[in-house]
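As structure tokens, the structure follows; a few thoughts come after it.
Remember, predicted model here, so these are calculated numbers, not experimental data.
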Number of protein chains: 2
Amino acid sequence: MSAMQNKSDKTFLRAPTIKDVAVRAGVGIKTVSRVLNDEPNVRPQTRERVLAAVGELNYRRNTIASSIRRRDQRTASIGLVVEDLANPFAARLTRVVQDVAFQQSHLVLVGSSEGVAEREHEIVGEFCSRRVDGLIIVPSGTDQSYLRVEHTHGAPVVFVDRPGRRIKADTVVSENASGVAEAVRHLVRHGHSRIAYLGDRQSVYTAAQRLSGFRSAMAECAGGADQRHIRTGLRDGAKAYQATLDLLGQRPAPTALVCGNNIITMGALHAMQQCGVREHVAIIGFDDLELADLLQPALTVVAQDVAALGTEGARLLFERLKHPTAPYRRVTVPVRLIARGSGEIPAPSGREGR
Amino acid sequence: MSAMQNKSDKTFLRAPTIKDVAVRAGVGIKTVSRVLNDEPNVRPQTRERVLAAVGELNYRRNTIASSIRRRDQRTASIGLVVEDLANPFAARLTRVVQDVAFQQSHLVLVGSSEGVAEREHEIVGEFCSRRVDGLIIVPSGTDQSYLRVEHTHGAPVVFVDRPGRRIKADTVVSENASGVAEAVRHLVRHGHSRIAYLGDRQSVYTAAQRLSGFRSAMAECAGGADQRHIRTGLRDGAKAYQATLDLLGQRPAPTALVCGNNIITMGALHAMQQCGVREHVAIIGFDDLELADLLQPALTVVAQDVAALGTEGARLLFERLKHPTAPYRRVTVPVRLIARGSGEIPAPSGREGR
DNA sequence: TTGTAGGCGTTATCAA
DNA sequence: TTGATAACGCCTACAA
């Protein structure tokens with residue numbers, strides 16, 4: 001009935017339970033439970049005996065068994081859904097979320113939605129099956145209302161990078177529009193007016209926001225955006241590469257590019273390299289890249305504060321867990337233009353050159 | 001006693017249970033369980049009724065409750081410990097591990113050890129508390145024998161990137177030594193003999209392996225390595241930067257650098273940029289970098305097949321779960337030298353130049 | 001200060 | 001084919 005082998009026995013069948021500890025310490029299971037949970041009313045002497053037994057048996061509390069019984073049903077775990085864990089943005093986000101969670105004694109389950117709504121839904125479903133205490137989601141698709149149903153088990157949600165749709169929840173986003181607008185103004189200051197924009201699908205919130213920042217800044221200080229210089233729907237580097245080749249082949253060609261995310265920036269850089277225009281066409285990317293400062297010319301970017309996005313997201317989640325009925329909050333994280341060279345290439349002189 | 005509200009009721013207190021489903025379908029709980037677990041001996045008609053009730057109540061199986069009762073105690077989750085989730089190597093590894101796990105209907109818990117043995121131990125402890133079915137670990141420190149004790153609950157371990165110490169387990173590693181040796185031969189073929197090596201702490205398995213590959217290749221075809229041109233213990237980019245500046249300041253200076261990992265490569269590149277020697281000193285990095293091909297000159301690397309490391313690691317783990325007593329296996333994943341320019345810079349002529 | 005009984009949501013047993 | 005009941009490891013309630 002109880003674990004009959006000691007820890008050096010290779011045929012050990014199951015982990016020791018609170019019962020095994022109780023037997024060994026010669027106390028009742030409730031006393032063991034009290035010790036494990038730092039509850040009062042245990043004689044120091046008894047506590048010692050229990051702790052000794054715990055050590056000898058190498059007992060470790062079965063957290064998941066405990067969670068099904070405890071009043072709040074908390075599992076001390078949270079779920080994180082990003083588009084692609086291998087993407088540097090998601091990787092940095094995951095790291096900071098995990099750091100905050102670990103400080104709060106929580107573990108993190110991760111999943112990649114690949115930007116597919118169904119997959120996001122599926123992953124969230126699995127997380128809820130594991131009864132995570134909360135969710136941090138970089139949402140895909142156009143409808144997160146399915147989460148209202150998942151809410152039945154009480155797991156709060158925080159959206160990071162993009163707000164969820166058709167549902168209210170705590171949210172952390174970057175200053176997308178004003179960040180891109182700043183990039184445009186920066187280019188205009190360096191003499192550009194034929195500025196092109198390359199972005200992701202408009203159904204992605206950040207993509208829409210960034211394009212809107214582009215349009216308004218162009219309207220404000222460059223006489224409006226040229227529709228032929230706007231390319232959206234660029235889901236991967238290859239698409240961005242093609243679109244950039246296409247833009248650079250136009251006459252008149254744009255003298256500067258603004259890229260909506262780091263994948264697109266990489267595609268555009270490859271295309272520019274291919275055409276040999278790295279030194280002549282200005283480019284500013286949204287979101288920083290490792291090695292950006294080693295490129296020639298070095299890459300000017302609108303850097304997101306990924307650490308802040310993640311930390312704030314996790315913080316909002318843990319505060320929500322403490323105060324379930326508090327009003328929802330939306331945090332906006334500033335972005336920062338980092339001038340490194342590629343965004344300071346001047347527009348060719350001779351008015352509208354070429 | 002049972003969930004009294006329907007799914008649109010905001011005051012819903014708890015998730016529906018198998019009991020609620022049973023009541024609604026007018027069957028016993030065991031029948032519901034049979035349907036949920038695809039067990040035989042359920043009339044199709046009954047099955048339909050149960051599934052209908054599941055849909056109406058929006059029931060979702062409580063996986064953690066199920067795991068405490070099932071014979072094998074499986075939780076359908078695995079734990080992954082890497083050094084730093086934000087590192088591109090770890091991020092790609094996490095992604096593929098998660099993909100394989102998800103295919104196998106398992107979720108992944110993640111943790112960053114930061115290369116600190118105590119933290120690794122602590123994270124593994126938490127994972128075991130959650131009764132993960134298995135562990136994939138990029139080990140830190142010099143002793144993973146503590147895992148033998150964690151084994152009491154039966155979770156097998158697979159080591160990835162580096163073998164564990166003082167414990168036997170399935171392992172997946174890259175061809176570290178021969179990869180670096182190939183880099184050295186490549187440089188020698190381009191006329192180099194004063195080749196420097198920059199590496200991590202020797203206590204890190206991969207670092208030791210790579211340095212040993214360096215030494216043996218140098219002995220074999222460049223008359224042996226010059227001790228002054230070997231720098232180890234470089235834990236971060238800043239240290240690598242300093243070490244590189246130092247090496248480049250020597251007289252005679254090395255004409256080529258071999259870098260032991262991607263963090264070191266980045267530090268070295270910054271230092272070379274700083275000294276204006278990017279075009280004159282050859283460099284080959286271990287592990288590929290995003291944008292490596294956009295640098296000028298583009299970066300020659302010994303690329304690890306991170307996807308294979310992760311896939312093989314996960315595959316070994318799931319096979320171990322199926323066959324707990326099979327002999328341990330060690331898989332070696334080939335690396336590949338990708339010549340892009342920086343490794344093909346010829347040694348300065350005039351015999352021992354400068 | 002300590003222990004016993006009961007229950008969490010599920011799966012396992014075994015009888016109907 | 002079906003279901004009542006026990007059991008998993010733990011926490012809660014309550015009694016001693």
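Using a 3.5 Å distance cut-off with no hydrogens or angles, the side chains of A:Asp84 and A:Ser112 do not pair a donor with an acceptor.
One atom, CZ of A:Arg47, and another, P of C:dT1, lie 10 Å apart when rounded to the nearest Å. In this entry the distance linking CD of B:Glu48 with P of D:dT1 reads 15 Å, nearest Å. Distance CZ (A:Arg60) to P (D:dG9): 17 Å, rounded to an integer number of Å. Following rounding to the nearest Å, B:Arg131 (CZ) and D:dG9 (P) show an atom-to-atom distance of 9 Å. In this entry the distance linking NZ of A:Lys19 with C1' of C:dT4 reads 12 Å, nearest Å. Rounded to a whole Å, the CD1 atom of A:Ile18 is 12 Å from the P atom of C:dG3. Regarding B:Ile29, its CD1 atom lies at a distance of 10 Å from the C1' atom of D:dA6, rounded to whole Å. Taking atom NZ of A:Lys30 as the reference point, atom C1' of C:dT2 lies 10 Å away to the nearest angstrom.
Side-chain nitrogen and oxygen atoms of B:Ser33 include none within less than 4.0 Å of the OP1 or OP2 phosphate oxygen of C:dT10. OP1 or OP2 of C:dG3 has at least one side-chain nitrogen or oxygen of A:Thr31 nearer than 4.0 Å. Here A:Tyr59 reaches the OP1 or OP2 of D:dC10: one of its side-chain N or O atoms lies under 4.0 Å away. Under 4.0 angstrom from either OP1 or OP2 of D:dT1 there lies no side-chain N or O belonging to B:Thr46.
Evaluation of the ring pair (Phe, Tyr, Trp, His ring centres under 6.0 Å) rule for B:Phe318 yields B:His106 as partners, not counting sequence neighbours. With sequence neighbours left out, the side chain to side chain contact (heavy atoms under 4.5 Å, CB included) criterion links B:Ser33 to B:Ile18, B:Lys30, B:Asn37. By the side-chain hydrogen bond (donor to acceptor under 3.5 Å, both in side chains) test, B:Asp170 pairs with B:Arg320, sequence neighbours left out. Under the salt bridge (Lys or Arg N to Asp or Glu O under 4.0 Å) criterion, B:Arg24 pairs with B:Glu56, not counting sequence neighbours. For A:Arg92, there are no side-chain hydrogen bond (donor to acceptor under 3.5 Å, both in side chains) partners, not counting sequence neighbours. Applying the side-chain hydrogen bond (donor to acceptor under 3.5 Å, both in side chains) test to A:Asp143 and every residue at least two apart in sequence or in another chain returns A:Ser145.
Within the structure, no pair that satisfies the ring pair (Phe, Tyr, Trp, His ring centres under 6.0 Å) test touches residues 23-51 of chain B, not counting sequence neighbours. Among pairs with a residue in residues 108-131 of chain A, those fulfilling ring pair (Phe, Tyr, Trp, His ring centres under 6.0 Å) read A:His121-A:Tyr146, at least two apart in sequence or across chains.
Residues of residues 34-45 of chain B having a heavy atom closer than 4.0 Å to DNA chain D, listed by number: B:Arg34, B:Asn41, B:Val42, B:Arg43. Of the residues in residues 68-78 of chain A, those with a non-hydrogen atom less than 4.0 angstrom from any atom of DNA chain C are A:Ile68, A:Arg69.
Positionally, the nearest nucleotide of DNA chain D for B:Val32 lies more toward the 5' end than for the other of A:Ala65 and B:Val32. Comparing A:Val27 and B:Arg61 by the nucleotide of DNA chain C that holds the closest heavy atom to each, the one mapping nearer the 5' end is A:Val27.
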Under 3.5 Å, side-chain donor or acceptor atoms of residues 40-49 of chain A against the rest of the protein: list the pairs with distances, not counting sequence neighbours.
{"unit_1": "A:Arg49", "atom_1": "NE", "unit_2": "A:Ala25", "atom_2": "O", "d": "3.0"}
{"unit_1": "A:Arg49", "atom_1": "NH2", "unit_2": "A:Ala25", "atom_2": "O", "d": "3.3"}

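Under the 4.0 Å criterion applied to side-chain N and carboxylate O atoms, A:Arg60 and B:Glu126 are not assigned as salt-bridge partners.
Using a 4.0 Å heavy-atom cutoff across all strands shown, B:Ile64 reaches no nucleic acid atom at all.
Bending across the helix from C:dT1-D:dA16 to C:dA16-D:dT1, expressed as the angle between its end axes from five pairs apiece, amounts to 40° (10° rounding).
Taking 4.5 Å as the limit, some side-chain heavy atom of A:Arg329 sits within range of a side-chain heavy atom of A:Glu319.
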